[in-house]
Amino acid sequence: MSAPALAQQPDPPVLQPDTMAARVAACTACHGAQGRAGADGYYPRLAGKPQDYLYHQLLNFRDGRRQYRPMTHLLAGLPDDYLREMAAYFADQHVPYPAPVRADVSAATLEAGRKLARDGDAARSLPACASCHGAALSGMLPAIPGLLGLPRDYIGAQIGSWKNGLRRAAAPDCMADISHKLTPADIGALAAWLSSQPVVEPYVPDAANSVRLPAECGSQAQR
């Protein structure tokens with residue numbers, strides 16, 4: 001009974017040799033075709049992210065500021081210019097976003113996440129996510145990523161990694177500072193609300209310097 005079902009599966013695309021699509025096949029094996037995201041909730045979308053953001057993350061994995069051994073192994077020894085080419089390739093991929101999966105949490109939790117994302121918490125000197133990542137949460141050039149279209153588990157894991165020192169960025173590391181002020185309940189609420197929001201096209205980063213950032217961020221200034 002299983003043989004006919006297998007026969008109906010489409011053949012994988014044939015990659016032309018010596019093209020960037022072929023060279024990044026190791027990336028898309030986990031991050032999905034064209035970098036549209038893996039299926040397990042932990043390999044994020046790469047497609048359409050700001051080129052400088054992707055480049056910085058490749059540097060961070062290669063140079064040990066982000067901790068994930070398979071990524072470090074894949075990138076070891078690759079020169080900066082090649083990492084820029086990889087980042088440019090994925091930044092130029094524009095594929096549809098899937099419909100979000102509403103998190104199975106209370107309405108109060110979703111509201112708490114919405115409030116942090118949209119308004120922040122002035123009493124704790126917590127800026128809103130939107131104050132850096134844009135009103136549509138689509139990011140800002142050159143190096144601030146969008147926050148929608150990401151799995152709940154991935155969002156929570158990344159904020160937790162900053163909070164625990166497993167993920168770092170160029171100093172001053174604004175996300176590390178923010179994460180240290182977030183409680184576990186805050187992180188859960190943000191991850192639940194952000195992952196539940198639909199992506200409205202065109203979902204592209206805002207222009208550089210379109211808003212004044214509430215804090216200095218080293219990765220945004222680093223080129």
Side-chain angles (χ1 to χ4, degrees), residues 5-62 66 68-102 133-134 136-158 161 167 169 191 194-208 219 223:
L6 291 173
Q8 294 173 9
Q9 297 298 315
D11 292 332
V14 177
L15 299 176
Q16 296 299 315
D18 200 28
T19 62
M20 186 53 68
R23 294 174 191 172
V24 300
C27 307
T28 55
C30 292
H31 289 275
Q34 297 176 277
R36 65 181 65 211
D40 64 358
Y42 284 99
Y43 294 97
R45 181 185 177 98
L46 305 178
K49 294 285 181 69
Q51 180 179 338
D52 278 11
Y53 171 77
L54 294 173
Y55 170 63
H56 293 163
Q57 301 321 303
L58 292 170
L59 285 178
N60 291 343
F61 278 119
R62 188 195 67 184
R66 288 188 69 173
Y68 186 59
R69 287 186 179 180
M71 283 291 296
T72 302
H73 175 73
L74 284 172
L75 299 172
L78 293 182
D80 291 2
D81 286 348
Y82 192 71
L83 299 186
R84 286 189 185 276
E85 289 186 54
M86 294 171 64
Y89 171 81
F90 284 112
D92 286 341
Q93 304 304 304
H94 300 287
V95 294
Y97 282 81
V101 177
R102 187 190 183 283
H133 293 269
L137 299 172
S138 58
M140 184 174 74
L141 296 174
I144 296 178
L147 298 181
L148 304 186
L150 292 169
R152 177 185 175 189
D153 288 342
Y154 177 79
I155 296 171
Q158 296 313 302
S161 291
R167 178 172 179 173
L194 289 169
S195 64
S196 297
Q197 302 312 298
V199 172
V200 179
E201 299 287 359
Y203 186 69
V204 295
D206 293 341
S219 59
R223 300 304 298 271

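Everything quoted here is computed from the prediction, not taken from an experiment.
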Problem - Those residues that, when tested against R152, pass salt bridge (Lys or Arg N to Asp or Glu O under 4.0 Å) (two or more places apart) - result: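 Residues passing salt bridge (Lys or Arg N to Asp or Glu O under 4.0 Å) with R152: none at all.
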Handout entry: Minimum-distance pair of heavy atoms, taken over all atoms of A191 and S195
Key =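 Shortest heavy-atom separation between A191 and S195 comes out as O-OG, 2.7 Å.
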Handout entry: Nearest heavy atoms of L75 and L58, plus distance in Å
Key =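 That closest heavy-atom pairing would be CD1-O, 3.5 Å.
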Could you tell me which residues satisfy side-chain contact (heavy atoms from CB on, under 4.5 Å) with [X], sequence neighbours excluded, listed by chain and number?
X: Y42; answer: D40, D153, A157
X: A208; answer: L141, P142
X: P151; answer: Y154
X: L54; answer: L46, K49, A87, F90, A91

For the [atom1] atom of [X] and the [atom2] atom of [Y], what is their distance to the nearest 0.5 Å?
X: R167; Y: N60; atom1: CZ; atom2: CG; result: 7.5 Å
X: M20; Y: M86; atom1: CE; atom2: CE; result: 7.5 Å
X: R66; Y: H56; atom1: CZ; atom2: NE2; result: 13.0 Å
X: L59; Y: L78; atom1: CG; atom2: CG; result: 10.5 Å
X: H31; Y: R36; atom1: NE2; atom2: CZ; result: 14.5 Å

Exercise for the section: Indicate yes or no: at least one non-hydrogen side-chain atom of Q57 is less than 4.5 angstrom from one of M71. Expected result: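 In short, these two side chains do not touch, never coming nearer than 4.5 Å.
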Problem - Whether T19 side chain and A22 backbone form a donor-acceptor pair below 3.5 Å - result: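 Yes.
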Give every donor-acceptor pair under 3.5 Å between a side-chain atom in residues 199-206 and any protein atom, sequence neighbours left out.
residue: E201; atom: OE1; partner: Y203; partner atom: N; Å: 3.0
residue: Y203; atom: OH; partner: L137; partner atom: O; Å: 2.4
residue: Y203; atom: OH; partner: L147; partner atom: N; Å: 3.3
residue: Y203; atom: OH; partner: L148; partner atom: N; Å: 3.0

Problem - H133: ring-ring contact (aromatic ring centres under 6.0 Å, His included) partners, not counting sequence neighbours - result: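 Result, ring-ring contact (aromatic ring centres under 6.0 Å, His included) vs H133: none returned.
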Problem - Contacts of F61 that satisfy ring-ring contact (aromatic ring centres under 6.0 Å, His included) - sequence neighbours left out - result: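 For F61, no residue satisfies ring-ring contact (aromatic ring centres under 6.0 Å, His included) once neighbours in sequence are set aside.
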Compile the donor-acceptor pairs under 3.5 Å between side chains in residues 92-102 and protein atoms, sequence neighbours left out, one pair per line.
residue: Q93; atom: OE1; partner: Q34; partner atom: NE2; Å: 3.2
residue: Q93; atom: NE2; partner: Y89; partner atom: O; Å: 3.0
residue: Y97; atom: OH; partner: R45; partner atom: NE; Å: 3.2

Problem - Under the side chain to side chain donor-acceptor pair (under 3.5 Å) test, residues paired with Y68 that sit two or more places apart - result: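 Side chain to side chain donor-acceptor pair (under 3.5 Å) check on Y68 returns Y43.
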Handout entry: Where at least one partner belongs to residues 71-83, residue pairs that pass salt bridge (charged side-chain N to carboxylate O under 4.0 Å, His left out), sequence neighbours excluded
Key =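 Output for this query lists R62-D80.
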